[in-house]
Structures are given as C-alpha cells and as structure tokens.
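Here is the structure we will look at.
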Amino acid sequence: MFDVNNIRKDFPMIVNNPNLIYFDNSATTYKPYCVLNAVKDFYENKTANVHRGDYDNSFIVSSEFDEARNVVAKFLNCDKNEVVFTSGATHSLNQAAQYGFQYLEKGDVILTTLSEHASNILPWFNVSKKTGATIEYIKQDKEGIIDLESFKKQMNSKVKVVTLAHVSNVLGHINPIKEIAKIVRKFDCILVVDGAQSAPHIKVDVKDLDVDMFAFSSHKMCGPDGIGVLYGKSEILNKLEPLIYGGGSNARFTSDGNILLREIPERFEAGTPNIEGVLGLKKAVEYLMDIGMDNIHNHEVKLKDYMISKLKELDNVTLYNPSADTGIIAFNVKGVFSQDSGSYLNNKKICVRSGHHCAKMVPNLINENDTVRASMYLYNTFEEIDRFIEALSNLNIESALDIFF
Amino acid sequence: MFDVNNIRKDFPMIVNNPNLIYFDNSATTYKPYCVLNAVKDFYENKTANVHRGDYDNSFIVSSEFDEARNVVAKFLNCDKNEVVFTSGATHSLNQAAQYGFQYLEKGDVILTTLSEHASNILPWFNVSKKTGATIEYIKQDKEGIIDLESFKKQMNSKVKVVTLAHVSNVLGHINPIKEIAKIVRKFDCILVVDGAQSAPHIKVDVKDLDVDMFAFSSHKMCGPDGIGVLYGKSEILNKLEPLIYGGGSNARFTSDGNILLREIPERFEAGTPNIEGVLGLKKAVEYLMDIGMDNIHNHEVKLKDYMISKLKELDNVTLYNPSADTGIIAFNVKGVFSQDSGSYLNNKKICVRSGHHCAKMVPNLINENDTVRASMYLYNTFEEIDRFIEALSNLNIESALDIFF
Amino acid sequence: MNNLLNDPAILRDIILDHYSYPRNKGLKTGDKYKEVHMASESCIDDITVQSVIEDGVIKEINFDGIACTISTASTSMMTELLIDKTIEEAKVIMDNYFSMLDGQAYDAEILEEAVAMKNVYKQANRIKCATIGWNAMKQIVLESESKDE
Amino acid sequence: MNNLLNDPAILRDIILDHYSYPRNKGLKTGDKYKEVHMASESCIDDITVQSVIEDGVIKEINFDGIACTISTASTSMMTELLIDKTIEEAKVIMDNYFSMLDGQAYDAEILEEAVAMKNVYKQANRIKCATIGWNAMKQIVLESESKDE
Ligand SMILES: Cc1ncc(COP(=O)(O)O)c(C=O)c1O
Ligand SMILES: Cc1ncc(COP(=O)(O)O)c(C=O)c1O
C-alpha cells in the first residue's frame, strides 16, 4: 500500500524540514536515507576503485558496481550490456548524438519538438551544424501535444533521427513513444528518447517502447548527482563511437595509435566512474521499484488532478497545460512576473521554479516567455497543495512586493 | 605540525580498518569525514539544483558551488573563470583534446610520452586519426625520465600540442613542466598537462608552471567520485569548443539552430553538475590546503625513501623506478607474476595494484609487461611499510600459492 | 532624509509605479549610443541599457528587456537618477547604491527614490535583479572613461 | 578419489609444475585451428586457446599468452584433460570444473589433477584466473557444435 506519510519518513530533507514544500522535482529530487547510506558505506567501509580485483574492497565494489547494472537493466527491461553509465542525462544525450556525427549527412533530417530541453536539442544543433543535416519540428498544439497523424506525414526516407522527450519538463505530457516508434520503424531511422522526466515517474520498458536509445539522470529520481544512464539497443551501441576515450574503456593500445576498445557497455565508460553515484543510483532504483512505479505515477496523477482543479478556481492564475499527464504544472499569476511569483512562494516556504526551464523554444508553443513551474513527486501531499493554493490566491503585483518590506 | 596519527583519525576507512594497509592511492584515495559530512549535509539539509535562485536552498547551494570554484582557483593559483568542473580527469583530458579537433591538421605533430595514462593518450590518438596529425614520443630513459636536451631538439614548428603527465602513475617522477613550458613557449604550440597524479600530492601553481590546460580528478585527492577539474588559460578556453552541449551552458537558443553560449567556464558545464561532488571536492581541497601541500609531499617523500631503501635490501625484488620523486613505487617479485603478488599481499591485508595501470605503453620503457604498484598518501606510515616489507620478504612462487591452501 | 521615503507604503508605491510605468523604456538606434546587454542565467532577466555620454556628462539613458518588478523598477530609477549627471556624480550615486544593495552604509539623500530598494539585500537571491541595470550602466561609464584616457 | 589429490603439498606441486612447465603451450598456424582470444580487464591475463575438433573428438589444444600462476596452470591442466576426449566427455568435465569453481558439488575423479584448483572459489577475485582458459575452450566447443547443426 502506497502511504505517503511513511514515504516522507524515508527522506532526511522532509524529516528535517517538514514544513518546507518542495515542488521543484523536475529540477532535482530529494534523496532517501537508503541512498545516503549507500554512499556513506562506500566512504566508511569500502572505498576502492573498480574494474580490478587486486584486493578485497576493490573486488567487493566492482561486484556491486556490476550488480547496479543488473538492477538498472531490470528497471528498464533490457540487457545488462545495454546499460551505459554516464555523468547524467546531458552526457547521455550527447553520447547519443554521436550517432549523428557518424551517420548523418547533408540532406538528412533530424525530427524533434519545440518543447525539448536544451540538453536534447543543442547536441543535435551541433550535429546539424557539422554534418549539414537539417532540424525539423514535429507539429504540436499549444499545450505541446503531438499530433500523430501529422507526425506520420512528416516522416520520410530523409528523416534519419527522431528525438524527443518522453515527458516534457515544462508541459508534462507523456508523449506517445510506442506509437511514434511504430511509425519510425517503417524507415531507416533511429528513435532517441530523453527520459529525464519519465524514468523517475512512470514505468519505462524500453523493449516495449521499442526505442533505440533512452537517457536519464539519477538525481531526478532520488539518486545521487553526477550519474546517469544511456540505454542503447546493443546493435546501436555496437556501432556507436565513444564520446570520451580513456582508461577502462580499452582492452589494448599501442604506440602506433591502435586502440582495441572493450565490448559494450564498458567502451563508453572511460575513466574512473562515479562509483558512489552508481551504488547510490542502485539503491534509488531499488527504492522506487519497491514502492512500484505505477503506484508512484498514480499518486502523482491524483496530486496533479487536485492541483489543476484548484488552480482553475483561481481567477488570478493562467494555466498553460491543463491536460498534463504528470505532476508538472506550468502557470503564471496574472500581472506578476514569474520570478516575482517564485520569490513570493519562497517566502511562504514553497519551492517552485520560474523561467524558461532550459526549454527555450517553448515560448513558440505557449506564447509566453516564461512560466512558474510546480513539479511534484512521490513524497508530496494534498495538504501541501492546499497551502500552495492558499498562497497563490493572495498573490498579486502588490503582495509580490511584501517580501521587500 | 604534520602528525600522521592525527591525520589518520580524519579518515573513516582507517578508523574502521586500522590494520588494513592501503597502498593503492594512485587508483583512488580514502575520503575524510569532512568530505562525507559535506555530502551528507547536501542530502539532509539543502538538496536543490544550482544556477537558479528561486528559493533559499537553491540559492545557498548555488553560492557554495560558486565558492567551490574560488577555492579550486586558489588551490591552482588561477582565475575563477579558468576552472571548469568536469566528471573527472578523463573527461577533462577529452575536453582538452577538443582543441586538436579544432586546430590540428595533417602534418602537425602531437608530442607526448610512452608513460602516459590511457586517458591522456587515447583522446589524442583519436585526434590523430581524424585530423591526420601524427603522434611522436618524447625521449625517456628506462625509468621514464625525460631528457630535456633531446626534448628541445624534438620541438619544431610542426609540433602544435605537447601533452604529458605531471607525474606518471606508474613511474612516479615529477616531470619538469616549467622547463618544458619555457621551451614550448618559443613555438606556436600548447602545453596540456595531466595532473591526475600531481594535484593530490604536490603544490601546483598553474601560473608559475605556465601550462595551457591542466586536468585532475577529485577522487584521487580525498574528494568524491565523479568530479574533476579542467584548468584552462582564459585565452585557450575562449577558443575551445565544448565537448558536451546542454542545459546551463547556453544563454539563448532559437529554433533555427542558433546557440549563444554562456561565458567561460559555464559553457563547458552543460547539464546538472555533480553538485554534491563539487561541495565535497571543495572540502577536500580545503582539507589538503589546511595540512599544506608541501607537508604532504615531504611526508610522502620520506615514506618513499624508506620504502625504496628497504626494497633494495630484498633480493627477491626488482625495482623499476628507484629514482621516483613521489610515493609511487613499481616493482616485481622475481619469479612471481604481478597479480599473484597482489593476491598474496591482499591476504596479508595490504592493498596494492598489479598490471599495466592503464599505461599500456610503459612496457616499451621498462621492458616488463606488468608490475606491482604501491602508491602512498598522507595517511600512510612507516609501520605500514615495515609490514609490507616483511610480507614481501617471504613472497616467492611457493608462498604465493598459500592463499589457495 | 525625506521622511516619506521611510514609509513602506510609499516605497512600495514607488516600485510599482516604476514597474508599471518604466521611465526611459525603449531602445533607440544611432551610432552615438553605447549599449550593454545583460542576461544572467540565475535570473530570467534580460535587459539592454544604452546611453549617450558627452563631455563627461550623461546625456541620455534608455533600456529595454524582459524583467521582474525589481529589475524593471530599479533600472527605471537608475535612468532617472543618472541622466544629466556628470560621470563623477554618477559614480558617487552608483557607489552608494551598490553599498545599499550590499547591506552597507549609504547616503539615502542622493539615492532619492532608489532607496525603495533598500531591503532587497535581505533577499540574497534578488540582489542580482536590483543591480542588473545598474551594472550595465556602470560598465558603459567605465568603458567611456577608459576610452577617454 | 585418489588420496594423493587430497594432500595440499601435492596439489601445490601440481600447480607449480603446470605453471613452470605448461603443457601444450605455443600456438600453431593453420586453417584447421579454431582460436579464441580471452583478455579481461579485471585481471591482466591475456590468453589465446586454439583447438582442432574432428568428428566430435578434440584432437588438439594449444594455448599461449601472459598470465598468472592460476591462469597458466589451470589452462595447461585443461589441455591435458580434454585432448582426445569426445565433445560429450569434454562437456561433462567442463561442467564439473565450473561447478567446483563455483563452490558447488563436483566429481573429483574425472577432474584428475585439475582438483588442485578446488580452493580457488574461496578467493573470489581469482575465479576468473582459474576459468579463463576453460571458458575459451568452452566457447570453441560450443561454436563447433553450432556449426555441426
Ligand atoms: C596519470 C593519470 N591520468 C589520468 C587518470 C584518469 O583519471 P580518472 O580515472 O579519475 O578520470 C589517472 C587515473 O586513473 C592517472 O593516474
Ligand atoms: C527533459 C529533460 N531533459 C534533460 C535534462 C538534463 O538532465 P541533467 O541536467 O540531469 O543532465 C533535464 C533536466 O534538467 C530535463 O528535464
């Protein structure tokens, strides 16, 4: 049984600040004690490097590192060798874009959306600049919803990469990846999915979705910073060039410049990995799987429905994504600049984000330069939403200045 | 006053395992309580993302993140904007090699050494492969010592990049970087230094050394995993292209593919950084600076001198770098394969590393495929060396098999 | 110091007035304008300030951009305060303003309406907003000086 | 089971003997050889095994490479044990060997001298060494079978 009160007890940030409302979960999330303990255990009882078994701690840590890969593979429903550890979603997405440098050329098309996060669009801008491939945008309505029929029409043999977020970090819809994959499969084209906002919140089965690559970050799903994952189908990984070269990713090299790379996934993991990050991510994934991704999603949908219904009752609020599928809500208070709203809420001990949320083409869709974003997670409550709504109901250009007096 | 017994109390790994001898500090190091506490504090009291100040914790964490950059700048004696946070030395060195993709062409030469770690040679192999520039090797004697006179002769206008380790992770000499820089400055050439084994152990002043780029990892200097630094002269960083694109590294972008990057160093730090890593590294640097890099180096030199003198007394040991400048010792026990020596020592609770240590061209110098490496740090003691020597004195092909019976 | 400028209600009105009716808003074109564009990642503000400085006197200041109440109002106040001042006078005013935003001592008299920003330093994350336009102008002034040398 | 093979001193001698005088060491050239190269990052060992299998019988096995005592000795023992065996016999031996290295039950009789490796499973970080040559041979056997189908 999903019991938010029990869940709250797992998080030191909540135990230490029970009245602080944290609605910035799309930016980063709190971490449970079990993750902190995994990191602590590494510092206190088994600090060592991996990939070598010369002594016991090194062997123990290497085995747990390996086991973490198994856990992530189970989480995604893929093979262990299809799980690449990276420093985060941004690194994963840049590694994925390496495909573009290798296989795209002038005349080819990269199809994406206007609601992408910078981390899933700038790497492809760079591919476009260097290969001459062009970027085109999938049609979306003003809430960012994709029209599958027009997507179908946009697909043709020139399109070599389709890349988009599973869930937009501003507009909160779950994109129909499985349906998109079915269409993409009719062409010689790969499908890259930015899962930074989906993996933490909904069940992801990469086999079922049939994606070629899928990226996400640990820190947005209760895990440590500085660690993330790139899933890639083994056929794709086998023909992908590493973005980073170095120790641990090669089996041999000789002074005449020959390099024999290790097998996938290690060939993509040059350098000492973020070991404590991997051990922490393992715990985070186990924690989320124990609670159940469906339970987490259900809870968030209930919170989201409640928040939207309450926001709609407020005259002073403009809501940009009333049909959101997940706990990400974008709005503004009429006449109040988003950052002023953010500061006002901060003074009421409510953490939200204001601005463009690194998705700087979203204004093309919603016709608004910047927004306030409230994003929820498994530990948020209905009472917190009540306090949030109460605070918002009193917000206007005059009260926004209260904090300065 | 440098007091190793007090220092040992700062390290949970030592407090919890006082009899475990850790001589694998070139691979990774133990972390003091203060670093663990910085990470813990982030988890328990101020989890938030950086670069935005919408609410108090985010502002606090952003300020500390900024402050960490100041601390590292002080550590290196450089400007704050010359400090790029990366995921580790390997990432730093790959970012540095980006220079090669931008500015090198067929006919140009990259001058390096045979004792480089994979992380500082493979990125340049890749540059060579893609640009047609050739790799040449600086002359070294069989202990890996560089001959400055012949280096001078090897320099010419074709050499566009000189790149080498400040301290080799196998042979432990301090390379004469300052002298090399003086020679390099006479040419239109940059000097890239792999400081993975120097920054943790000796005072590094990048201005005084006059290097163009300098890379190191936190985890080898008492800090967390998954975080490292690339120092670059501002003139160099300003003309260097990022290896990774994404959120946080750009000021603006538009749907037609235009990107306005942020200033240095942020333009190189796309994506959510390893915040807990940066806060931990800050503490680690403060910890080392408090003790004093010269004191640390002095202690290590004493340990090294003692270990070498004792090893020389052992008939069954071949020592490869008797003239080492730092606490890195490479040896073999006659007739015993390096890995068998490692396992034997492990059973005596002594952690060393065996193999090629990711520097797979070193055999060209020392004429030995693989070695045992003992590498020391500020918390190691003379008593530990005595136990190590005692164990080694009894090691031969027969006793190496003891562990299996 | 003008007592009215101690009354929170009045200070708040001043800010709102400058936010709702910013002075000298809208950029002009022409070679004579020196321009500085300020965009910071840590706030959303994106402000451009332009100015004409002749014979050591600030003849004109204009600004434009997307910004919060505090950035807009503080920049608007800055334009009113500094226009027609000599560079020397302007530098004294700027120094006092930055001191105030730093929580240090300042001369309230010469800051006039800009004292409305006096409590912003207590909201550390908003100090950037209250100084973005001022920093742009400071840069223009410094550049004009270095050119004169 | 041969009682001698319970005596640690004898087992140690067997390992040393195979390490110092490895059997069937040195690769040959020729189309008839099927070859597998094993190199693992987690140990330094780098071993190549080659074999000729005809009519379901292992006619020849050779190996070469750089390796520790355990890898060298275990691979040398493997060659001696499996040469002239049918594939079916070889598979039974291999299964038993891997069971032993896994700390499971095994038939000591058919492993002959290779029981010298019986304690390696207690040194988890050395299990790879004791199986690297065996895994290479297993791969050759499996490939030869799949080709026969
Ligand atoms: C000399 C040298 N350079 C580079 C590296 C790579 O550092 P990291 O693995 O932390 O990226 C190492 C350590 O493994 C090293 O010893
Ligand atoms: C949709 C989306 N993609 C990518 C990213 C980048 O993730 P990270 O900053 O952890 O690399 C984020 C988060 O900032 C995101 O929300």
Side-chain angles (χ1 to χ4, degrees), chain A residues 12-13 16 27-28 30-31 36 39-40 43-45 47-49 52 54-56 87-91 94 114 117-119 122-123 125-126 128 135 137 217 219 224-227 244-247 250 252-253 255 257 259 270-272 274-277 342 346 351-354 358 360-361 364, chain B residues 12-13 16 27-28 30-31 36 39-40 43-45 47-49 52 54-56 87-91 94 114 117-119 122-123 125-126 128 135 137 217 219 224-227 244-247 250 252-253 255 257 259 270-272 274-277 342 346 351-354 358 360-361 364:
Chain A
M13 279 295 293
N16 295 335
T28 201
Y30 288 172
K31 293 111 184 44
L36 172 56
V39 172
K40 236 180 108 185
Y43 280 76
E44 296 187 346
N45 302 313
T47 305
N49 211 321
R52 294 300 308 277
D54 286 323
Y55 44 89
D56 294 343
S87 65
T90 300
H91 176 183
N94 277 268
L114 284 170
H117 187 277
S119 295
L122 300 192
F125 278 5
N126 196 24
S128 162
I135 309 264
Y137 298 97
S217 279
H219 72 95
D225 286 344
I227 184 75
I244 292 183
Y245 285 84
N250 67 91
R252 302 267 166 277
F253 62 88
S255 58
I259 309 175
T272 301
N274 184 350
I275 304 167
E276 65 193 64
N346 175 45
C351 307
V352 298
R353 179 66 63 110
S354 60
C358 289
K360 297 179 188 178
M361 302 184 301
N364 297 327
Chain B
M13 279 295 295
N16 294 336
T28 200
Y30 288 171
K31 294 112 183 46
L36 172 55
V39 172
K40 238 180 107 185
Y43 279 76
E44 295 187 345
N45 302 312
T47 306
N49 211 320
R52 295 301 309 277
D54 285 324
Y55 43 90
D56 294 343
S87 66
T90 300
H91 176 183
N94 278 269
L114 284 169
H117 187 278
S119 295
L122 301 192
F125 279 4
N126 195 24
S128 164
I135 308 263
Y137 298 95
S217 279
H219 72 94
D225 286 345
I227 183 77
I244 292 183
Y245 285 84
N250 67 92
R252 302 267 166 276
F253 62 87
S255 57
I259 309 174
T272 301
N274 184 350
I275 303 167
E276 65 192 65
N346 175 45
C351 307
V352 298
R353 178 66 64 111
S354 61
C358 290
K360 296 178 188 177
M361 303 183 302
N364 296 326

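Neither the backbone nor the side chain of A:A89 comes within contact range of chain B, judged by heavy atoms closer than 4.5 Å. For chain B, the nearby parts of A:N274 are the backbone and the side chain; heavy atoms of each come within less than 4.5 Å. For B:V39, the part lying near chain A is the side chain, with the backbone staying farther off; criterion is any non-hydrogen pair under 4.5 Å. Proximity to chain A involves both the backbone and the side chain of B:D56, based on heavy atoms less than 4.5 angstrom apart. Proximity to chain A (any heavy atom under 4.5 Å) is shown, for B:D225, by both the backbone and the side chain.
Of all heavy-atom pairs between B:N346 and A:D54, the closest is CB-O, 3.6 Å.
Looking at A:F125 and B:F253, their side chains come closer than 4.5 Å, going by heavy atoms from C-beta outward. Residues A:H219 and B:I275 fail the side-chain proximity criterion, which asks for heavy atoms closer than 4.5 Å. Residues B:N364 and A:S255 form a side-chain contact, since some pair of their non-hydrogen atoms from C-beta on lies under 4.5 Å apart.
Comparing B:G88, B:S128, B:P224 by heavy-atom pairs within less than 4.5 Å of chain A, the highest count is held by B:P224.
Partners of A:A270 according to the side-chain contact (heavy atoms from CB on, under 4.5 Å) rule, which considers only residues two or more places apart in sequence or in another chain, are A:I244, A:S249, B:T90.
Side-chain atoms of A:S119 come within 3.5 Å of backbone N or O of B:G247 as a donor-acceptor pair.
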